[in-house]
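Report on the structure given below.
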Amino acid sequence: QVQLQESGGGLVQAGGSLRLSCAASGRTFSNDAMGWFRQAPGKEREFVAGINRSGGSTAYADSVKGRFTISRDNAKNTVYLQMNNLKPEDTAVYYCAASGSSRVYVSPRQYNYWGQGTQVTVSS
């Protein structure tokens with residue numbers, strides 16, 4: 001059974017940091033681009049960051065550039081999202097996803113596998 005499991009979410013004050021992890025099982029994702037998305041209440045799911053299969057190419061939403069860093073460890077089948085200088089507007093459920101392709105896409109429709117999500121809450 002293919003599974004993506006996020007962890008590392010929680011409650012943090014504005015200006016703080018969190019590191020999200022996404023562990024994959026049931027399938028090797030080393031050939032897939034991976035992405036992080038988030039969804040706040042009443043809003044659509046939006047792209048946060050993506051990384052290609054080798055980790056040599058990354059992409060970020062403008063709202064998180066310079067604050068968030070995506071990385072991956074293919075030996076551990078795990079993707080990370082380091083989030084620094086968090087803001088209240090970063091509050092959302094964060095999801096990791098695998099695209100089934102080597103290319104990074106910003107549309108969630110291009111991703112075939114999804115985790116259950118982890119809540120990130122940033123207080124002001």
Side-chain angles (χ1 to χ4, degrees):
Q1 181 180 359
V2 177
Q3 187 174 16
L4 297 175
Q5 181 64 57
E6 303 95 338
S7 61
L11 173 64
V12 64
Q13 289 188 335
S17 298
L18 285 173
R19 188 193 195 205
L20 305 184
S21 298
C22 172
S25 61
R27 180 176 178 272
T28 298
F29 288 94
S30 58
N31 290 325
D32 297 339
M34 302 292 292
W36 284 97
F37 291 77
R38 66 187 181 187
Q39 188 166 17
K43 295 188 177 181
E44 292 187 355
R45 192 168 297 189
E46 65 174 357
F47 174 81
V48 175
I51 188 167
N52 72 341
R53 61 183 179 182
S54 70
S57 179
T58 57
Y60 297 92
D62 288 343
S63 59
V64 307
K65 279 181 182 176
R67 300 188 298 122
F68 291 11
T69 303
I70 188 171
S71 61
R72 67 189 298 164
D73 185 337
N74 286 339
K76 296 182 178 179
N77 228 17
T78 301
V79 179
Y80 306 96
L81 185 68
Q82 177 67 44
M83 305 186 295
N84 298 328
N85 190 21
L86 283 160
K87 303 177 180 181
E89 51 264 42
D90 294 319
T91 295
V93 177
Y94 283 70
Y95 300 88
C96 74
S99 72
S101 165
S102 61
R103 179 180 172 182
V104 175
Y105 294 98
V106 298
S107 169
R109 291 189 292 272
Q110 301 293 339
Y111 290 77
N112 299 324
Y113 303 97
W114 291 85
Q116 293 299 308
T118 185
Q119 176 70 47
V120 171
T121 303
V122 184
S123 63
S124 58

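Here the structure is a predicted model, which is why all the values come from computation and not from measurement.
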Disulfide (SG to SG under 2.5 Å) partners of [range], not counting sequence neighbours, each pair once:
| range | value |
| --- | --- |
| residues 38-89 | none |
| residues 75-111 | Cys22-Cys96 |
| residues 49-94 | none |

Search all heavy atoms of [X] against all heavy atoms of [Y] and return the closest pair with its distance.
| X | Y | answer |
| --- | --- | --- |
| Pro88 | Ser124 | CG-CB, 3.8 Å |
| Ala24 | Leu4 | CB-CD2, 3.5 Å |
| Trp114 | Pro108 | CZ2-O, 3.5 Å |
| Thr78 | Ser21 | CG2-CB, 4.5 Å |
| Thr28 | Asn77 | CA-ND2, 3.8 Å |

Should Ile70 and Tyr95 be counted in the same cluster of Ile, Leu, Val, Met, Phe, Trp and Tyr side chains packed under 4.5 Å apart?
->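 Shared cluster, no.
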In terms of hydrophobic clusters joined by side-chain contacts under 4.5 Å, are Tyr111 and Val79 together?
-> no
Could you walk me through whether Met83 and Leu20 pass the side-chain contact (heavy atoms from CB on, under 4.5 Å) test, one step at a time?
-> CA-CA 8 Å; Met83 305 186 295; Leu20 305 184; 3.7 Å; yes
Return the set of residues passing side-chain hydrogen bond (donor to acceptor under 3.5 Å, both in side chains) with [X] (not counting sequence neighbours), or none when no residue passes.
| X | result |
| --- | --- |
| Arg67 | Asp90 |
| Tyr94 | Arg38 |
| Gln82 | Asn84 |
| Lys43 | none |

Roughly how far, to the nearest 0.5 Å, is the [atom2] atom of [Y] from the [atom1] atom of [X]?
| X | Y | atom1 | atom2 | value |
| --- | --- | --- | --- | --- |
| Leu81 | Thr118 | CG | OG1 | 11.0 Å |
| Ser123 | Leu86 | OG | CG | 10.0 Å |
| Gln39 | Glu46 | CD | CD | 9.5 Å |

Give the table of side-chain donor-acceptor pairs shorter than 3.5 Å for residues 29-36, with sequence neighbours excluded, one pair per line with atom names and distance.
{"from": "Asp32", "atom 1": "OD2", "to": "Arg27", "atom 2": "NH1", "distance (Å)": "2.4"}
{"from": "Asp32", "atom 1": "OD2", "to": "Arg27", "atom 2": "NH2", "distance (Å)": "3.3"}
{"from": "Trp36", "atom 1": "NE1", "to": "Tyr80", "atom 2": "O", "distance (Å)": "3.4"}

Pairs touching residues 41-79 that satisfy ring-ring contact (aromatic ring centres under 6.0 Å, His included), sequence neighbours left out = Phe37-Phe47
Got a list of side-chain donor-acceptor pairs under 3.5 Å for residues 100-107, not counting sequence neighbours?
{"from": "Ser101", "atom 1": "OG", "to": "Arg103", "atom 2": "N", "distance (Å)": "3.1"}
{"from": "Ser107", "atom 1": "OG", "to": "Arg109", "atom 2": "N", "distance (Å)": "3.2"}

Does the side-chain hydrogen bond (donor to acceptor under 3.5 Å, both in side chains) test come out yes or no for Thr121 and Gln119, once each step is laid out?
-> CA-CA 6 Å; Thr121 303; Gln119 176 70 47; 3.3 Å; yes
Please list, chain by chain and in numerical order, all residues satisfying side-chain contact (heavy atoms from CB on, under 4.5 Å) with Glu89, sequence neighbours excluded.
-> Lys87
Listed by chain and number, what are the side-chain contact (heavy atoms from CB on, under 4.5 Å) partners of Ser25, not counting sequence neighbours?
->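 side-chain contact (heavy atoms from CB on, under 4.5 Å) check on Ser25 returns Gln3.
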Asn74 side chain vs Arg53 backbone, donor-acceptor pair below 3.5 Å |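 Pair found, side chain donor or acceptor close to backbone of Arg53.
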